[in-house]
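Note sheet for the following structure.
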Amino acid sequence: MAPDIEHALESWCAGGRRYIGEIFIERLAEGEFVVCHRDDVGGDGLAVSIDAENAVEIAKFDDAGKYRPLKTAPNLRHGWRLELKDARALRRALDLLYPGRLAMFFIFEKGKLHTTPLRETLERQTGMYRVAARISDDQIDELVGNFCRSDGGCLRTILWERDAQGAVASLKLPPEKFDPAFDQTGGGESCIPLLCQEACNLLVNAAREVVKHEQ
């Protein structure tokens, strides 16, 4: 799949300037790519690297040096610039900055992305996480509305539903949160969406904590 994704990236970036999440991408005339935080475009004094593997450290901590357990949270640190030689290096860097999101978008574009309702995700939990399935619909509405919001929570576009009956994940989230065409940063750019096909482990754990607190 990797070569196909790289080819798609090259085509997508052919127009020059592109965005994915908080990241800005520019393809240079020589076929190389420049990647930085979208807030840093045109800025001076950025730490420059030509190694895609350095994206690991870039994604690890926020501006305050705090660890980022959720890589799609809107707190990617500033002050860096990657200068990458080709689409392969670009794909590697993006996979490290936003793990799994390029593959999900590629599958989505082919119409083959399957989503999992939150209730199904919770019901299949085992061990200490089994209790998460006891969370009520009202508690889900509140939890997802806070945990997954784009302004301070997560920049992913939610594709999953609350249950098999098709209930919306949370009524406390705006319709744009479920729209792949919407820039979740609020920047209004045309960008590759960070798609969420099923609830992440952090949300499952948060649901567990809600139920434990009630008990």
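Because only heavy atoms are used, hydrogens play no part in the values below, and waters and symmetry mates are left out as well, while side chains stay in.
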Self-check item: Test item: Ile135 and Arg119 side chains (from C-beta on) under 4.5 Å apart, heavy atoms
Solution: yes
Quiz item: Where do Lys172 and Asp141 land on the side-chain contact (heavy atoms from CB on, under 4.5 Å) test, with the steps shown first?
Solution: CA-CA 7 Å; Lys172 295 185 180 296; Asp141 196 46; 3.8 Å; yes
Quiz item: For the residue pair Leu118 and Ala199, what are the closest heavy atoms and their distance?
Solution: CD1-CB, 3.5 Å
Quiz prompt | Residues Lys85 and Glu32 bridged, charged N to O under 4.0 Å | solution = no
Quiz item: Is Tyr19 close to Ser190 at the side-chain level, that is, under 4.5 Å between some pair of heavy atoms?
Solution: no
Quiz item: For residues His78 and Asp63, is any side-chain donor paired with an opposing acceptor at under 3.5 Å?
Solution: yes
Quiz item: Roughly how far, to the nearest 0.5 Å, is the CG atom of Leu173 from the OG atom of Ser170?
Solution: 4.5 Å
Quiz item: Are Ser150 and Lys177 close enough, and set up right, to give a side chain to side chain donor-acceptor pair (under 3.5 Å), and what steps lead you there?
Solution: CA-CA 7 Å; Ser150 294; Lys177 184 62 179 177; 3.0 Å; yes
Exercise. Determine whether more than 12 heavy atoms belonging to other residues, nucleotides or ligands lie under 6.0 Å from atom CG of Leu202.
Key: yes
Quiz item: Does the side chain of Leu82 come within less than 4.5 Å of Ile58's, by heavy atoms?
Solution: yes
Quiz prompt | Nearest heavy-atom neighbours spanning Thr157 and Pro180 | solution = CG2-N, 3.7 Å
Practice problem: Taking the side chain as every heavy atom from C-beta outward, state whether Leu76 and Asp62 have any atom pair closer than 4.5 Å. | Solution: no
Practice problem: Go through the steps for Phe105 and Leu195 under the test side-chain contact (heavy atoms from CB on, under 4.5 Å), then give the verdict. | Solution: CA-CA 7 Å; Phe105 179 67; Leu195 300 177; 4.2 Å; yes
Self-check item: From Asp40 atom CG to Phe24 atom CZ, the distance as rounded to the nearest 0.5 Å
Solution: 11.0 Å
Quiz item: How about Arg124: does its CZ atom have over 12 heavy atoms from other parts shown lying under 6.0 Å from it?
Solution: yes
Quiz item: Just how far is it from atom CZ of Phe182 to atom CD of Glu189, taken to the nearest 0.5 Å?
Solution: 12.0 Å
Quiz prompt | Cluster link Phe178 to Leu159, ILVMFWY, side chain under 4.5 Å | solution = no
Quiz item: Can you find a pair of side-chain heavy atoms, one from Glu198 and one from Thr115, that are under 4.5 Å apart?
Solution: no
Quiz prompt | Expected output: side-chain Arg101 to main-chain Pro99 donor-acceptor under 3.5 Å | solution = yes
Quiz item: CZ/Arg81 to CG/Asp44 distance, rounded to the nearest 0.5 angstrom?
Solution: 10.5 Å
Exercise. Keeping the roles fixed (side chain from Arg92, backbone from Glu53), state whether a donor-acceptor pair exists under 3.5 Å.
Key: no
Exercise. Grab the two heavy atoms, one from Ala93 and one from Leu84, that are nearest each other, plus how far apart they are.
Key: CB-CD1, 3.8 Å
Quiz item: Should the heavy atoms of other residues, nucleotides or ligands under 6.0 Å from CZ of Arg77 be counted, would the total exceed 12?
Solution: yes
Self-check item: Euclidean distance, Leu155 CG relative to Cys148 SG, rounded to 0.5 Å
Solution: 11.5 Å
Exercise. Please confirm whether the backbone N or O of Asp151 pairs with a side-chain atom of Arg149, one donor and one acceptor, at under 3.5 Å?
Key: yes
Quiz prompt | With sequence neighbours excluded, residues passing side-chain hydrogen bond (donor to acceptor under 3.5 Å, both in side chains) with Arg38 | solution = Asp183, Thr185
Quiz prompt | Validation row: Leu171, Val168 side chains within 4.5 angstrom (heavy atoms) | solution = yes
Quiz prompt | Closest non-hydrogen atom pair, Phe33 against Cys13 | solution = CE2-CB, 3.7 Å
Quiz item: Are the side chains of Leu94 and Leu9 in touch, meaning some heavy atoms are under 4.5 Å apart?
Solution: yes
Quiz item: Under 30°, 30 to 60°, or over 60°: which ring-plane class applies to Tyr67 and Phe61, parallel, tilted or perpendicular?
Solution: perpendicular
Exercise. Keeping the roles fixed (side chain from Glu142, backbone from Asp138), state whether a donor-acceptor pair exists under 3.5 Å.
Key: no
Exercise. Kindly give the heavy-atom pair with the smallest separation between Ala55 and Leu96, and that separation in Å.
Key: CB-CB, 3.8 Å
Quiz item: Measuring from Lys71:NZ to Lys60:NZ, what's the distance to the nearest 0.5 Å?
Solution: 8.0 Å
Practice problem: Please report the closest heavy-atom contact between Leu122 and Ala132, naming both atoms and the distance. | Solution: CD1-O, 3.8 Å
